[in-house]
Amino acid sequence: MPQGQPSVVPDDGLTTRQRRNRPLVFVHTGIGKGKSTAAFGLALRAWNQGWPIGVFQFVKSAKWKVGEENALKVLGASGEGGTVAWHKMGEGWSWVQRDDQVDNEEKAREGWEQVKRDLAAETYKLYVLDEFAYPMHWGWIDVDEVVQVLRDRPGTQHVVITGRNAPEKLVEFADLVTDMSKVKHPMDAGQKGQRGIEW
């Protein structure tokens with residue numbers, strides 16, 4: 001295990017071991033590619049540790065088949081690592097807000113209610129709330145409630161939230177925040193998304 005030295009040792013009364021095993025909230029935001037990819041990479045590490053994983057895919061279409069879903073489901077069913085449950089809600093691309101969003105808003109709220117129930121029951125050790133920043137950004141889900149629920153979650157449950165425009169209150173609360181910036185992208189030069197890269 002890497003033996004990095006923290007620049008500050010907090011006066012929180014915790015032992016080094018207790019602090020090391022503290023449950024974390026991650027936020028992957030920004031306009032660059034790789035937010036969900038990084039979250040699913042974290043899920044692979046969690047699977048290897050035998051952790052039960054809950055993936056909640058907000059906004060993206062339930063019909064959309066992402067490669068990570070198939071891979072993690074196969075791994076989860078292999079009996080060698082943790083289990084994986086995959087939940088989908090919403091329709092359409094997360095960065096395209098269509099005129100009629102009532103169904104999407106309702107499905108996002110239903111998804112958040114399920115996440116709250118699972119957190120209260122300590123169903124998973126790692127929660128991937130993919131594209132969850134969008135429902136908060138659009139005002140569908142109250143960010144103050146999200147922060148409070150995450151602050152009060154029991155046990156040692158880790159939560160990673162992805163999506164552009166993560167609300168500032170969430171960013172301030174989170175333990176780890178990565179802002180993916182874009183330097184270049186092939187789509188800027190007219191190239192379409194391709195198998196194995198975008199899905």
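Each residue takes its place number in the sequence, starting with 1. Below, all heavy atoms of this structure are taken into account, side chains as well, without hydrogens, waters or symmetry copies.
- Here the shortest heavy-atom pairing between Ala166 and Ala133 reads CA-CB, 3.9 Å.
- A 4.5 Å side-chain heavy-atom check between Glu110 and Gln114 finds every atom pair outside the cut-off.
- No more than 12 heavy atoms of other residues, nucleotides or ligands shown are found within 6.0 angstrom of CZ on Arg45.
- With a 4.5 Å cut-off on side-chain heavy atoms, Val128 and Val159 do not count as touching.
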Chi angles and distances behind the side-chain hydrogen bond (donor to acceptor under 3.5 Å, both in side chains) call for Tyr124, Gln157: CA-CA 7 Å; Tyr124 307 109; Gln157 301 175 95; over 6 Å; no
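- The pair Lys35-Asp130 does not meet the salt-bridge criterion, since no charged nitrogen lies less than 4.0 angstrom from a carboxylate oxygen.
- Note that CG of Asn21 is 8.5 Å distant from OG1 of Thr15, once rounded to the nearest 0.5 Å.
- By the neighbour-count criterion of 12 heavy atoms within 6.0 Å, atom NZ of Lys169 is sparsely surrounded, having that number or fewer from other residues, nucleotides or ligands.
- In this structure, the side chains of Val146 and Ile141 come closer than 4.5 Å at one or more pairs of heavy atoms.
- To the nearest 0.5 Å, the span separating CD on Glu131 from CD on Gln57 amounts to 7.5 Å.
- Between Thr178 and Val27, the closest side-chain pair of non-hydrogen atoms is not below 4.5 Å.
- For residues 22-32, the pairs satisfying side-chain hydrogen bond (donor to acceptor under 3.5 Å, both in side chains) are Arg22-Asp175, with sequence neighbours left out.
- Not a single side-chain hydrogen bond (donor to acceptor under 3.5 Å, both in side chains) links Asp11 to another residue, sequence neighbours left out.
- Hydrophobic clustering (side-chain heavy atoms under 4.5 Å, transitive across Ile, Leu, Val, Met, Phe, Trp, Tyr) keeps Val74 apart from Val84.
- To the nearest 0.5 Å, atom CZ of residue Phe58 and atom CZ of residue Arg109 are 12.5 Å apart.
- Counting only distance, with no hydrogens or angles, the side chain of Arg153 and the backbone of Leu119 share no donor-acceptor pair below 3.5 Å.
- Looking only at distances, no side-chain donor or acceptor of Asn48 sits under 3.5 Å from a matching main-chain atom of Leu44.
- The shortest distance between side-chain heavy atoms of Tyr127 and Pro52 does not fall below 4.5 Å.
- In this structure, CH2 on Trp47 lies 5.5 Å from CD on Glu80, to the nearest 0.5 angstrom.
- In this structure the side chain of Val171 never reaches within 4.5 angstrom of the side chain of Asp179, judged on heavy atoms.
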If you apply the rule side chain to side chain contact (heavy atoms under 4.5 Å, CB included), what do you find for Asn165 with Met136, and how did you get there? CA-CA 9 Å; Asn165 303 310; Met136 286 183 279; over 6 Å; no
Working for side chain to side chain contact (heavy atoms under 4.5 Å, CB included), residues Arg19 and Asp12: CA-CA 9 Å; Arg19 197 175 301 113; Asp12 54 12; 2.9 Å; yes
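- The pair Lys116-Glu113 counts as a salt bridge, with a side-chain nitrogen and a carboxylate oxygen less than 4.0 angstrom apart.
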Decide yes or no on side chain to side chain contact (heavy atoms under 4.5 Å, CB included) for Leu129 and Thr162, but give the supporting numbers first. CA-CA 6 Å; Leu129 309 186; Thr162 72; over 6 Å; no
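- Gln148 and Asp144 form no side-chain donor-acceptor contact under 3.5 Å, judged by distance and modelled atom types alone.
- Ion pair Lys88/Glu69 flagged as a salt bridge, since at least one NZ, NE, NH1 or NH2 atom sits closer than 4.0 Å to an Asp/Glu carboxylate oxygen.
- Side-chain contact between Val177 and Glu172 is absent, with no heavy-atom pair separated by less than 4.5 Å.
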Set out, in order, the CA-CA distance, both residues' side-chain angles and the distance that settles ring pair (Phe, Tyr, Trp, His ring centres under 6.0 Å) for Trp112 and Phe132, then state yes or no. CA-CA 9 Å; Trp112 170 235; Phe132 189 52; 5.3 Å; yes
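- When hydrophobic clusters are built by joining Ile, Leu, Val, Met, Phe, Trp and Tyr residues whose side-chain heavy atoms come closer than 4.5 Å, directly or via intermediates, Leu42 is grouped together with Leu75.
- The hydrophobic cluster containing Met180 does not contain Ile161, counting ILVMFWY residues as joined when their side-chain heavy atoms lie under 4.5 angstrom apart, directly or transitively.
- Residue Asn104 holds its CG atom at 7.5 Å from CH2 of Trp138, rounded to the nearest 0.5 Å.
- No side-chain donor-acceptor contact under 3.5 Å links Trp51 to the backbone of Leu126.
- Ring geometry for His158 versus Phe26: interplanar angle of 30 to 60°, hence tilted.
- Expressed to the nearest 0.5 Å, how far OG1 of Thr123 lies from CD1 of Ile53 amounts to 14.0 Å.
- Take His185 and apply the ring-ring contact (aromatic ring centres under 6.0 Å, His included) test, not counting sequence neighbours, and it matches no residue.
- A 6.0 Å sphere centred on CZ of Arg117 holds more than 12 heavy atoms belonging to other residues, nucleotides or ligands.
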Thr156 and Lys125: side chain to side chain contact (heavy atoms under 4.5 Å, CB included), yes or no, with the steps? CA-CA 7 Å; Thr156 55; Lys125 177 92 171 178; 2.9 Å; yes
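- Within the 4.5 Å cutoff, the side chain of Glu68 has heavy atoms near those of the Trp86 side chain.
- In this structure, Tyr134 has its ring center at least 6.0 angstrom away from the ring center of Trp140.
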